[in-house]
Amino acid sequence: MSPNTPAPSARVTVNVDGTRYVDTVEARTLLVQYLRDNVGKTGTVVGCDTSNCGACTVLMGTADEIGHSVKSCSVLAVQADGQSVTTVEGLAGPDGSLHAVQRAFHEMHGLQCGFCTPGMIMATVDLLQDNPDPSDEEIRDGLSGNLCRCTGYQNIVRAATCTAR
Ligand code: FES
Ligand code: FES
(Lines give C-alpha, C1' and ligand atoms only; values in the text may rest on other atoms or scores of the structure.)
(Ligands and ions follow the chains in the order given, each with its own letter.)
Protein backbone atom coordinates (compact mmCIF):
# COMPACT_ATOMS: atom_id res chain seq x y z
CA MET A 1 0.00 0.00 0.00
CA SER A 2 1.46 3.36 -0.96
CA PRO A 3 1.89 5.96 1.79
CA ASN A 4 -0.79 8.06 0.10
CA THR A 5 -3.39 5.29 0.06
CA PRO A 6 -6.02 5.91 2.72
CA ALA A 7 -6.11 3.22 5.40
CA PRO A 8 -9.06 0.84 5.05
CA SER A 9 -11.95 1.87 7.25
CA ALA A 10 -15.18 0.32 8.41
CA ARG A 11 -18.41 1.39 10.02
CA VAL A 12 -19.05 0.01 13.50
CA THR A 13 -22.02 0.07 15.83
CA VAL A 14 -21.06 -0.56 19.43
CA ASN A 15 -23.06 -0.25 22.61
CA VAL A 16 -20.75 1.21 25.25
CA ASP A 17 -21.96 1.47 28.83
CA GLY A 18 -25.57 1.44 27.63
CA THR A 19 -25.23 4.02 24.85
CA ARG A 20 -25.16 3.11 21.15
CA TYR A 21 -22.32 4.58 19.10
CA VAL A 22 -22.05 4.45 15.30
CA ASP A 23 -18.64 5.42 13.94
CA THR A 24 -16.29 4.95 11.05
CA VAL A 25 -12.92 3.64 12.19
CA GLU A 26 -9.74 2.57 10.50
CA ALA A 27 -9.61 -1.20 10.28
CA ARG A 28 -6.45 -1.19 12.40
CA THR A 29 -7.99 0.81 15.28
CA LEU A 30 -7.74 -1.04 18.57
CA LEU A 31 -10.80 -1.23 20.78
CA VAL A 32 -8.95 0.61 23.55
CA GLN A 33 -8.16 3.47 21.16
CA TYR A 34 -11.76 3.55 20.02
CA LEU A 35 -13.07 3.66 23.60
CA ARG A 36 -10.69 6.41 24.64
CA ASP A 37 -10.48 8.54 21.49
CA ASN A 38 -13.93 8.17 19.89
CA VAL A 39 -16.17 7.46 22.85
CA GLY A 40 -14.23 9.37 25.51
CA LYS A 41 -14.06 6.51 28.00
CA THR A 42 -10.66 7.44 29.35
CA GLY A 43 -11.16 5.34 32.48
CA THR A 44 -9.91 2.46 30.34
CA VAL A 45 -6.14 2.89 30.21
CA VAL A 46 -3.16 1.57 28.28
CA GLY A 47 -0.39 0.16 30.42
CA CYS A 48 1.65 -1.79 27.92
CA ASP A 49 -0.06 -2.15 24.53
CA THR A 50 1.31 -5.68 24.29
CA SER A 51 -1.48 -7.67 26.01
CA ASN A 52 0.54 -8.15 29.18
CA CYS A 53 -0.71 -5.82 31.90
CA GLY A 54 -4.52 -6.00 31.77
CA ALA A 55 -4.97 -2.28 32.51
CA CYS A 56 -7.18 -2.01 29.42
CA THR A 57 -9.59 -4.78 30.48
CA VAL A 58 -13.27 -4.25 29.64
CA LEU A 59 -16.24 -6.60 29.38
CA MET A 60 -17.55 -7.46 25.94
CA GLY A 61 -20.58 -9.54 25.00
CA THR A 62 -23.86 -9.54 23.18
CA ALA A 63 -26.61 -7.06 23.91
CA ASP A 64 -28.29 -9.45 26.36
CA GLU A 65 -25.33 -10.06 28.68
CA ILE A 66 -22.72 -8.07 30.54
CA GLY A 67 -20.07 -10.08 28.72
CA HIS A 68 -16.64 -11.34 29.64
CA SER A 69 -13.32 -9.63 30.15
CA VAL A 70 -11.15 -8.85 27.16
CA LYS A 71 -7.93 -6.90 26.94
CA SER A 72 -9.10 -4.08 24.73
CA CYS A 73 -5.59 -3.51 23.38
CA SER A 74 -5.76 -6.95 21.81
CA VAL A 75 -9.18 -6.50 20.17
CA LEU A 76 -9.85 -4.47 17.04
CA ALA A 77 -12.70 -1.97 17.17
CA VAL A 78 -14.23 -3.73 14.17
CA GLN A 79 -14.40 -6.92 16.22
CA ALA A 80 -16.66 -5.08 18.67
CA ASP A 81 -19.15 -4.25 15.92
CA GLY A 82 -22.62 -5.29 17.11
CA GLN A 83 -21.34 -6.01 20.62
CA SER A 84 -21.94 -4.46 24.01
CA VAL A 85 -18.91 -3.19 25.89
CA THR A 86 -18.85 -2.28 29.56
CA THR A 87 -16.04 -0.12 30.86
CA VAL A 88 -15.23 0.77 34.45
CA GLU A 89 -17.24 3.95 33.88
CA GLY A 90 -20.35 1.89 33.14
CA LEU A 91 -20.30 -0.09 36.38
CA ALA A 92 -21.73 2.53 38.72
CA GLY A 93 -25.49 2.74 39.15
CA PRO A 94 -27.57 5.46 37.45
CA ASP A 95 -27.47 7.45 40.70
CA GLY A 96 -23.67 7.29 40.75
CA SER A 97 -23.54 4.64 43.47
CA LEU A 98 -20.47 2.47 43.18
CA HIS A 99 -20.67 -1.13 41.99
CA ALA A 100 -19.98 -3.63 44.80
CA VAL A 101 -16.53 -4.40 43.38
CA GLN A 102 -15.64 -0.70 43.12
CA ARG A 103 -16.77 -0.20 46.72
CA ALA A 104 -14.73 -3.16 47.91
CA PHE A 105 -11.55 -1.87 46.23
CA HIS A 106 -12.13 1.46 47.96
CA GLU A 107 -12.89 -0.01 51.38
CA MET A 108 -10.13 -2.63 51.31
CA HIS A 109 -7.51 -0.20 49.95
CA GLY A 110 -7.06 -2.37 46.87
CA LEU A 111 -5.16 0.33 45.04
CA GLN A 112 -2.28 2.72 45.41
CA CYS A 113 -1.41 4.66 42.24
CA GLY A 114 -4.65 3.37 40.69
CA PHE A 115 -3.32 2.78 37.20
CA CYS A 116 -4.14 -0.92 37.16
CA THR A 117 -7.42 -0.44 39.02
CA PRO A 118 -9.92 -0.11 36.15
CA GLY A 119 -8.65 -3.35 34.62
CA MET A 120 -8.42 -5.10 38.00
CA ILE A 121 -12.02 -4.14 38.79
CA MET A 122 -13.32 -5.34 35.41
CA ALA A 123 -11.40 -8.61 35.70
CA THR A 124 -12.78 -9.08 39.24
CA VAL A 125 -16.34 -8.49 38.04
CA ASP A 126 -15.82 -11.15 35.38
CA LEU A 127 -14.20 -13.55 37.84
CA LEU A 128 -17.09 -13.24 40.32
CA GLN A 129 -19.78 -13.72 37.73
CA ASP A 130 -18.21 -17.04 36.81
CA ASN A 131 -17.30 -18.04 40.37
CA PRO A 132 -19.26 -16.14 43.05
CA ASP A 133 -17.33 -17.68 45.96
CA PRO A 134 -13.71 -18.06 44.86
CA SER A 135 -10.85 -19.13 47.11
CA ASP A 136 -7.82 -16.85 47.48
CA GLU A 137 -5.98 -19.11 45.07
CA GLU A 138 -8.80 -18.90 42.52
CA ILE A 139 -8.82 -15.10 42.83
CA ARG A 140 -5.07 -14.91 42.29
CA ASP A 141 -5.37 -17.27 39.35
CA GLY A 142 -8.36 -15.37 37.90
CA LEU A 143 -6.54 -12.05 38.14
CA SER A 144 -3.19 -13.37 36.93
CA GLY A 145 -3.57 -11.55 33.61
CA ASN A 146 -3.64 -8.20 35.42
CA LEU A 147 -0.43 -6.71 36.76
CA CYS A 148 -0.07 -4.27 39.64
CA ARG A 149 3.24 -2.58 40.39
CA CYS A 150 2.16 -1.15 43.75
CA THR A 151 -0.03 -3.17 46.06
CA GLY A 152 1.56 -6.58 46.39
CA TYR A 153 -1.91 -7.88 45.46
CA GLN A 154 -2.90 -8.60 49.08
CA ASN A 155 -5.60 -5.94 49.31
CA ILE A 156 -6.81 -6.66 45.78
CA VAL A 157 -7.46 -10.25 46.82
CA ARG A 158 -9.15 -9.01 50.02
CA ALA A 159 -11.38 -6.71 47.92
CA ALA A 160 -12.43 -9.56 45.67
CA THR A 161 -12.98 -11.81 48.70
CA CYS A 162 -15.12 -9.32 50.57
CA THR A 163 -17.26 -8.67 47.47
CA ALA A 164 -17.84 -12.39 47.12
CA ARG A 165 -18.79 -13.06 50.76
FE1 FES B 1 -1.60 -3.76 28.82
FE2 FES B 1 -3.75 -3.92 27.25
S3 FES B 1 -2.62 -2.15 27.77
S4 FES B 1 -2.80 -5.51 28.33
FE1 FES C 1 -0.46 1.10 41.08
FE2 FES C 1 -1.76 -1.19 40.75
S3 FES C 1 -2.17 0.38 42.18
S4 FES C 1 -0.26 -0.34 39.48
Side-chain angles (χ1 to χ4, degrees), residues 7 10 12 14-17 21 23 25-62 65-92 98-131 134-164:
V12 294
V14 189
N15 187 308
V16 182
D17 296 339
Y21 295 85
D23 286 295
V25 295
E26 288 188 7
R28 64 187 175 184
T29 302
L30 299 174
L31 179 58
V32 67
Q33 295 171 324
Y34 175 71
L35 292 171
R36 290 179 57 83
D37 300 340
N38 291 61
V39 183
K41 299 288 184 180
T42 52
T44 301
V45 296
V46 178
C48 68
D49 227 351
T50 53
S51 309
N52 283 308
C53 75
C56 63
T57 302
V58 297
L59 305 181
M60 188 165 92
T62 64
E65 56 171 22
I66 188 163
H68 286 286
S69 62
V70 296
K71 292 179 175 177
S72 60
C73 74
S74 65
V75 176
L76 295 169
V78 293
Q79 292 176 290
D81 183 38
Q83 301 285 304
S84 281
V85 173
T86 304
T87 76
V88 72
E89 291 164 70
L91 283 184
L98 293 180
H99 183 281
V101 174
Q102 292 174 308
R103 205 164 47 243
F105 269 72
H106 172 66
E107 289 172 359
M108 294 292 132
H109 307 290
L111 62 140
Q112 288 184 21
C113 80
F115 198 79
C116 71
T117 310
M120 280 291 181
I121 287 175
M122 301 313 287
T124 303
V125 170
D126 189 32
L127 168 71
L128 295 178
Q129 68 181 349
D130 286 344
N131 182 359
S135 64
D136 281 14
E137 193 180 338
E138 287 170 332
I139 293 169
R140 287 179 186 278
D141 187 51
L143 300 181
S144 59
N146 291 69
L147 304 180
C148 175
R149 295 161 58 116
C150 306
T151 65
Y153 299 95
Q154 198 62 30
N155 288 353
I156 291 172
V157 174
R158 286 177 64 213
T161 305
C162 95
T163 314

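Values in this document were obtained by computation on a predicted structure and should not be read as measured data. Atoms within each ligand, like the ligands themselves, are counted from 1 in listed order.
Of the inter-residue distances, the one linking Leu98 atom CG with Leu91 atom CG reads 9.5 Å to the nearest 0.5 angstrom.
For the side chain to side chain contact (heavy atoms under 4.5 Å, CB included) test with Tyr34, the passing option among Val85, Leu76, Val39 is Val39; the others fail. Of the candidates Thr163, Thr117, Ile121, Gln102 forms a side chain to side chain contact (heavy atoms under 4.5 Å, CB included) with just one, namely Ile121.
Atoms of ligand 1 lying under 4.0 Å from any heavy atom of Gly47, numbered from 1 in the order shown and given with element: 3 (S). Annotation for ligand 1: atoms under 4.0 Å from non-hydrogen atoms of Gly54 are 1 (Fe), 4 (S). Residue contact check: Gly114 has heavy atoms under 4.0 Å from atoms 1 (Fe), 3 (S) of ligand 2. Atoms of ligand 1 lying under 4.0 Å from at least one heavy atom of Ser51, given by number and element, are 4 (S). Ligand 2 places these atoms under 4.0 Å from at least one heavy atom of Cys150: 1 (Fe), 3 (S), 4 (S). Listed by number with element, the atoms of ligand 1 under 4.0 angstrom from any heavy atom of Cys53 are 1 (Fe), 3 (S), 4 (S).
Shown here for Thr151 and Leu111, the closest heavy-atom pair between the two residues is CG2-CA, 3.9 Å.
Judged purely by distance below 3.5 Å, without hydrogens or angles, the side chains of His109 and Asn155 never pair a donor atom with an acceptor atom. Between the side chains of Glu138 and Asn131, at least one donor-acceptor pair of N or O atoms lies under 3.5 Å.
At least one N/O/S atom of Cys73, from backbone or side chain, sits under 2.8 Å from atom 2 (Fe) of ligand 1. Here Cys116 fails the criterion, with no N, O or S atom under 2.8 Å of atom 1 (Fe) of ligand 2. Metal site remark for atom 2 (Fe) of ligand 2: Cys148 contributes an N, O or S atom at a distance under 2.8 Å.
When non-hydrogen atoms are compared, ligand 1 lies under 4.0 Å from the backbone of Cys48 as well as from its side chain. The backbone of Asn52, and not its side chain, has at least one atom closer than 4.0 Å to an atom of ligand 1 (non-hydrogen atoms only; backbone = N, CA, C, O).
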Evaluation steps, side chain to side chain contact (heavy atoms under 4.5 Å, CB included), between Ser72 and Thr57:
CA-CA 6 Å; Ser72 60; Thr57 302; over 6 Å; no
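Closest protein heavy atom to atom 4 (S) of ligand 2: Arg149 N, 3.3 Å. Among protein heavy atoms, atom 3 (S) of ligand 2 sits closest to Gln112 N, 3.2 Å.
A distance-only check finds a donor-acceptor pair linking the side chain of Asp17 to the backbone of Thr87 [under 3.5 Å].
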